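Owing to the predicted nature of the structure, the values given are computational and were not obtained by experimental measurement.
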Amino acid sequence: MEDSLWKHIQTVKSVSPLIHSITNLVVMNNTANALLAVGASPIMAHAHEEVKEMVGICQSLVANIGTIDEYIFQALTLAVEAANVLGKPWVLDPVGAGATSFRDKILSELLVQAPVVIRGNASEILALAKVSATKTKGADSTVQSDEAIDAARYLCQRYGTIVCVSGKKDIIVSENRLITIANGSPLMTKVTGLGCSATAVIGAFVAVVDDKVEAVAAATALFSICGELAAKQCNGPGSLQVLLLDKLYNLTEREFNNHLRIHFND
């Protein structure tokens with residue numbers, strides 16, 4: 001798989017899939033720019049009158065509940081149903097899972113629609129699996145990513161999904177594979193919406209790569225390596241955000257291969 005990851009990055013650039021992203025209002029600009037930087041095309045639309053039609057012209061859907069309300073939830077429901085009917089992959093970002101009963105109700109209804117991928121931090125994955133009494137701190141994680149492996153496995157088995165647990169180490173769990181990527185920087189947690197942007201980038205990769213586990217691994221490795229390299233050059237969170245976009249756009253194969261720290265536990 002390791003040899004295929006760079007090829008998948010180039011595939012996104014060459015195909016430039018259109019990604020329908022119903023995301024939160026805080027990070028819409030960040031998310032769109034991240035998709036553009038990796039070579040995909042973003043479209044953000046949540047009007048009930050057009051979401052089904054929009055899913056029809058896109059290659060994948062990203063569902064993010066960061067600033068969820070009843071209107072956006074209905075938009076997500078319509079879009080997810082359309083994606084499933086059309087056989088298009090969709091990715092769930094369970095922002096703030098466990099923080100409120102409203103979010104948990106919405107997530108329980110979205111989970112039964114079987115997302116191809118779930119990406120969240122360890123607290124969100126634990127809350128999603130309802131296996132922990134740990135209270136979620138909003139969109140932030142209060143536990144390490146490897147503490148959520150069992151919860152991720154549970155979600156895989158119950159919903160047939162791939163789970164990406166983000167954190168100091170990013171851990172990708174599927175039915176028969178476990179992949180750890182140890183790239184990134186702690187400074188990435190100081191920029192709002194980088195997790196949401198990572199989810200959107202995953203949406204771009206699952207749109208064009210047949211092996212969805214490899215797609216998630218390639219997207220996660222790309223985002224983490226770019227964050228790591230940008231953090232070495234920046235003066236703080238502000239310049240990190242700009243440098244990360246630049247690195248997503250111009251990362252070389254040599255930089256990718258020289259910095260990739262990936263481990264397989266198949």
Side-chain angles (χ1 to χ4, degrees), residues 1-14 16-17 19 21 23-24 26-42 62 64 66 93 95 119-122 138-141 144-146 164-172 179-205 209 214-263:
M1 180 195 294
E2 192 169 353
D3 295 336
S4 300
L5 299 183
W6 183 253
K7 181 185 70 175
H8 298 326
I9 293 169
Q10 299 311 301
T11 298
V12 172
K13 291 181 182 297
S14 62
S16 191
I19 311 304
S21 186
T23 188
N24 77 71
V26 177
V27 304
M28 198 174 289
N29 181 64
N30 314 47
T31 304
N33 281 329
L35 284 169
L36 286 168
V38 301
S41 294
V62 175
N64 179 309
D93 192 330
V95 180
R119 191 220 61 84
N121 63 43
D140 298 330
S141 183
Q144 300 299 313
S145 48
D146 54 4
C164 179
V165 188
S166 62
K168 185 177 181 180
K169 294 183 293 185
D170 298 314
I171 300 173
I172 300 162
I179 302 166
T180 301
I181 297 172
N183 289 105
S185 164
L187 193 58
M188 295 173 73
T189 63
K190 302 301 182 184
V191 180
T192 188
L194 289 195
C196 302
S197 297
T199 302
V201 171
I202 289 172
F205 278 71
V209 177
E214 287 194 9
V216 177
T220 303
L222 172 65
F223 202 88
S224 297
I225 288 171
C226 289
E228 180 178 314
L229 295 178
K232 291 178 180 177
Q233 301 171 12
C234 74
N235 295 316
S239 52
L240 171 62
Q241 189 169 13
V242 174
L243 290 169
L244 172 57
L245 285 177
D246 289 347
K247 192 53 70 178
L248 286 171
Y249 179 74
N250 60 28
L251 185 75
T252 67
E253 182 175 8
R254 184 174 182 178
E255 286 177 311
F256 182 81
N257 290 327
N258 285 348
H259 291 88
L260 179 62
R261 295 191 293 276
I262 191 168
H263 183 71

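- Of all heavy-atom pairs spanning Ala230 and Leu244, the tightest one is CB-N, 3.6 Å.
- No hydrogens or angles considered: a donor-acceptor pair under 3.5 Å links the side chains of Asp170 and Ser224.
- Here the straight-line distance linking atom CG of Leu194 with atom CG of Asn30 works out to 7.5 Å at 0.5 Å rounding.
- Atom OH of Tyr249 is surrounded by 12 or fewer heavy atoms from other residues, nucleotides or ligands within 6.0 Å.
- Summarising the local packing, NZ of Lys13 is surrounded by more than 12 heavy atoms from other residues, nucleotides or ligands at distances under 6.0 Å.
- The line from OG of Ser185 to CD1 of Ile225 is 13.5 Å long, rounded to the nearest 0.5 Å.
- With Asn183 contributing its side chain and Glu228 its backbone, the two residues share no donor-acceptor pair below 3.5 Å.
- With respect to Pro42, the side chain to side chain contact (heavy atoms under 4.5 Å, CB included) criterion is satisfied by exactly one of Leu35, Thr23, Thr31: Leu35.
- Within the model, atoms CZ of Phe223 and CD1 of Ile181 stand 12.5 Å from one another, a figure rounded to the nearest 0.5 Å.
- Looking only at atom types and distance, the side chain of His8 has a donor-acceptor partner in the side chain of Glu214 under 3.5 Å away.
- How far CG of Leu240 is from CG of Leu229: 11.0 Å, rounded to the nearest 0.5 Å.
- Side-chain N or O atoms of Arg119 include one that pairs as donor or acceptor with a backbone N or O of Gly195 at under 3.5 Å.
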